[in-house]
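Quick note on labels: first sequence line is chain A, next is B, and so on, each numbered from 1. Just so it is clear, the values below take in all heavy atoms, side chains as well, and ignore hydrogens, waters and symmetry mates. Because the structure is a prediction, the values reported are computed rather than measured.
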Amino acid sequence: MSVIIITVIFAAILAFVLGIALGFFQKKFHVERDPKIDVVRAALPGANCGGCGFPGCDAYAEAVAMGRAPTNKCTAGGAATTEAVSKIMGVNAAAEDLVAVLLCQGTKEVALSKGEYVGIETCRAAKLSTGSIKACSWGCQGLGDCVRVCKFDALSMGEDGLPHVNYDNCTGCGMCVEECPQKLFVLVPKSRKGSVVLCSNRNVIKANVIKTCKTGCIKCEICVKQCPEKCITMVNGIPVTDYDKCTSCGICVQKCPTHAYKLLEVDVMGEKKKVPVLTEV
Amino acid sequence: MALKTFRGGAHPPERKDRSSGLAMERLRDVKLVVVPVNQHFGAPLQPLVKVGDSVKRGQKIADADGRMTVPVHAPIAGVVKKIEPRTQSNNLDGPCIIIEALPPPAEGQPAPSAEDLTEFMPPLDAFACTKEEALARVRAAGIVGMGGAGFPAHVKLAPSKPIAVVIANGAECEPFLTIDERTMIEQADDVVEGVAITMKIVNAPEGVIAVEENKAHAVPLLEKAIAASPRTRAGMKIRVQMLKTKYPQGGEKMLITAITGKEVPSGGLPMDVGCVVQNIGTLCAMVDAFKEGKPLIERGLTISGGACTKPANVVAPIGTPVADILAAGLAQVDEEKLGMVIYGGPMMGVAVPNYQIPVQKNTSGVLLMDIVESKHYEEETCIRCGRCMRACSCRLSPALLAVAIEAEDYKEAEKIGLLDCIECGTCSFVCPSHRHLVQRFRVGKQVLRAMKQKEAQNAR
């Protein structure tokens with residue numbers, strides 16, 4: 001019994017002494033830390049996705065609080081987070097929810113393969129060894145590097161050999177944009193309306209595009225000529241829509257002979273495409 | 001003669017017997033060439049001709065400023081038909097100049113003379129001119145390393161350190177390929193002359209022609225040529241060194257280790273140990289460039305492989321689609337058996353979708369492999385047997401490198417020597433689990449380089 005009492009007394013004295021010591025050292029070795037860091041950190045979603053370009057939310061919060069980073073970099077949190085962080089920092093930042101759009105429709109059926117690819121099953125490795133698995137040098141490799149980096153379960157590999165974006169889950173963090181070796185993803189505002197060409201083939205020779213893909217942009221420029229708003233221009237071999245002028249009339253979508261043109265709000269983000277999803281990538 | 005070699009390596013089946021006895025045949029009357037604009041390791045070139053221009057044989061058709069650039073010349077006389085992107089032997093689309101040969105003259109018209117159709121540079125005596133003149137000539141002739149890498153020769157020949165040995169790389173360790181062997185047999189004088197010119201340019205006291213043991217029959221011919229050469233009579237020291245037959249004996253670093261016993265330091269160049277290594281084909285191209293003023297517009301290559309029913313050693317203009325060489329009957333292929341087409345050797349070459357792709361300055365062979373030879377095995381997990389470590393010619397640990405790269409720990413991979421890997425493929429060849437090791441290293445190197453670039457940008 002006495003052993004227990006002695007132990008309890010001893011432990012209590014030890015705890016008391018160490019507590020004093022801890023309190024003393026906390027004061028003695030105190031590191032000045034901007035209280036803003038914690039406030040900003042609290043406003044961030046805490047997914048540590050890295051979409052802002054910093055290693056995790058802590059690092060980004062510190063960078064913002066120190067004024068080294070803009071307040072609108074947290075794409076995972078979206079407009080709400082940007083607003084909150086901007087309010088803490090006392091700055092104005094344009095907040096817009098972004099989503100990723102894949103600029104390729106080269107499914108297994110429509111895009112020709114160069115040959116059988118045998119090797120490491122990543123897009124990066126495939127591109128390095130073969131130039132491109134598909135006959136089109138610009139097309140999607142279909143091995144799912146983007147699916148693997150997506151932290152928000154917004155990308156899945158379809159049975160058609162292309163990744164599909166779930167626009168409910170996509171936060172526009174930009175990890176897939178960064179990862180894709182073909183640079184096929186672009187970030188667009190979720191609210192954007194208008195037409196977009198879902199092809200990245202910059203081969204200027206029509207015959208070469210037709211040979212490789214049935215839904216490739218063949219540079220016929222019908223869209224440019226037919227657009228009533230004159231809002232389409234060819235940039236680097238690909239038609240680009242001016243969204244300030246586009247009225248979503250859909251004429252370019254109807255006229256496009258290879259159906260490369262689509263309407264963002266209807267064909268890309270609107271309709272839930274029913275594509276069987278591969279369980280494993 | 002004692003056989004020298006390096007540590008590590010492997011012994012893939014040689015299969016050289018199929019074409020080693022066949023004399024080089026010249027492909028004549030080429031109708032069309034597809035000349036890739038960028039055929040060297042360095043900055044991209046600009047085409048100097050337009051569609052519709054007529055060009056002479058040997059005329060410069062693409063060039064650019066810059067130290068790491070080498071011009072490209074018209075391999076045949078004709079008219080520029082198109083300039084458009086086409087698939088090159090590295091599987092990437094790149095700009096190509098397509099030249100169609102002139103049609104045969106009409107009845108009664110005299111055929112244009114060979115001089116009218118040719119535009120070579122004036123001959124230059126490599127032993128009388130200055131070093132600068134010689135280097136300018138090597139560049140103007142468009143000479144790159146013809147063993148495979150396509151490194152500009154004039155850069156290699158201007159080392160910033162004193163050179164003790166010039167090594168002529170006649171190891172030709174890749175299976176199937178026999179073009180260097182045939183060149184050494186048929187043009188032994190040119191090989192010796194090429195070594196002498198290189199020695200003159202880099203001011204080296206010694207020249208060594210390295211030959212693997214399986215090409216021993218070329219050695220007496222080379223020794224005869226050395227004895228007869230006016231250069232050796234004038235006091236230049238050139239000798240033949242026989243090496244053990246082993247892959248990758250023809251790797252620059254392995255060759256230097258075998259011959260001099262020195263090791264090229266990590267991240268270093270052959271000049272750091274006083275060596276310059278030149279491929280046999282490059283040496284002959286240099287001799288042509290000085291003697292005849294002829295730029296690099298044609299090269300020898302081996303066409304072989306299991307599906308090739310008639311293998312051949314061919315000298316073809318740069319840019320000839322390989323299909324045309326087959327159509328001309330110099331070599332034949334059994335389409336039924338064809339499983340894979342490889343440009344280059346079977347160990348380091350590139351598998352391409354078809355044989356329409358043109359011959360390039362660095363195409364040492366085209367292999368038409370049959371279905372059995374092109375069989376792929378399922379990749380399995382590493383069983384830690386350590387065979388790759390024993391075989392690695394750079395004395396790296398491929399298994400550990402692969403683990404680091406799979407874990408995306410590129411810094412660790414760099415620490416254990418990723419950038420020293422020469423991608424010879426020995427580790428993948430010996431791996432009992434058929435792991436895609438070299439492909440991993442290539443991905444790793446690419447990512448590492450991108451990371452470093454990004455860091456450098458951020459630091460700025």
Engineer: Do A:K114 and B:N91 come close enough that some side-chain heavy atom pair is under 4.5 Å?
Structural biologist: yes

Engineer: Among the options B:H376, B:H434, B:M340, pick out the one with the most heavy-atom pairs lying under 4.5 Å from chain A.
Structural biologist: B:H376

Engineer: Do side-chain atoms of B:E379 reach the backbone of A:G119 as a donor and acceptor pair under 3.5 angstrom?
Structural biologist: no

Engineer: So, are B:K454 and A:E178 salt-bridged, with charged N and O less than 4.0 Å apart?
Structural biologist: yes

Engineer: For B:E336, I'd like to know if atom CD has over 12 heavy atoms of other residues, nucleotides or ligands within 6.0 Å.
Structural biologist: no

Engineer: Measure the CZ-CD distance between A:R124 and B:Q439 for me, rounded to the nearest 0.5 Å.
Structural biologist: 12.5 Å

Engineer: Enter the distance from A:I120:CD1 to B:E406:CD here, rounded to the nearest 0.5 Å.
Structural biologist: 7.5 Å

Engineer: In this structure, are over 12 heavy atoms from other groups packed under 6.0 Å from A:K183 atom NZ?
Structural biologist: yes

Engineer: If you measure from CG on B:D93 to CZ on A:R202, what distance do you get to the nearest 0.5 Å?
Structural biologist: 14.5 Å

Engineer: With a 4.5 angstrom heavy-atom cut-off, which part of B:R440 approaches chain A: side chain, backbone, both or neither?
Structural biologist: both

Engineer: A side-chain contact here means heavy atoms from C-beta on lying under 4.5 Å apart; do A:N203 and B:E84 qualify?
Structural biologist: no

Engineer: In the structure I gave you, are the side-chain heavy atoms of B:Q446 and A:L128 within less than 4.5 Å of one another anywhere?
Structural biologist: yes

Engineer: Find out whether B:V350 and A:S129 are in side-chain contact, i.e. whether some heavy atom of one side chain is under 4.5 Å from a heavy atom of the other.
Structural biologist: no

Engineer: Which atoms of B:V352 are under 4.5 Å from chain A, going by heavy atoms: the side chain, the backbone, both sets, or neither?
Structural biologist: neither

Engineer: If you count heavy atoms of other groups shown closer than 6.0 angstrom to NZ of A:K219, is the number above 12?
Structural biologist: yes

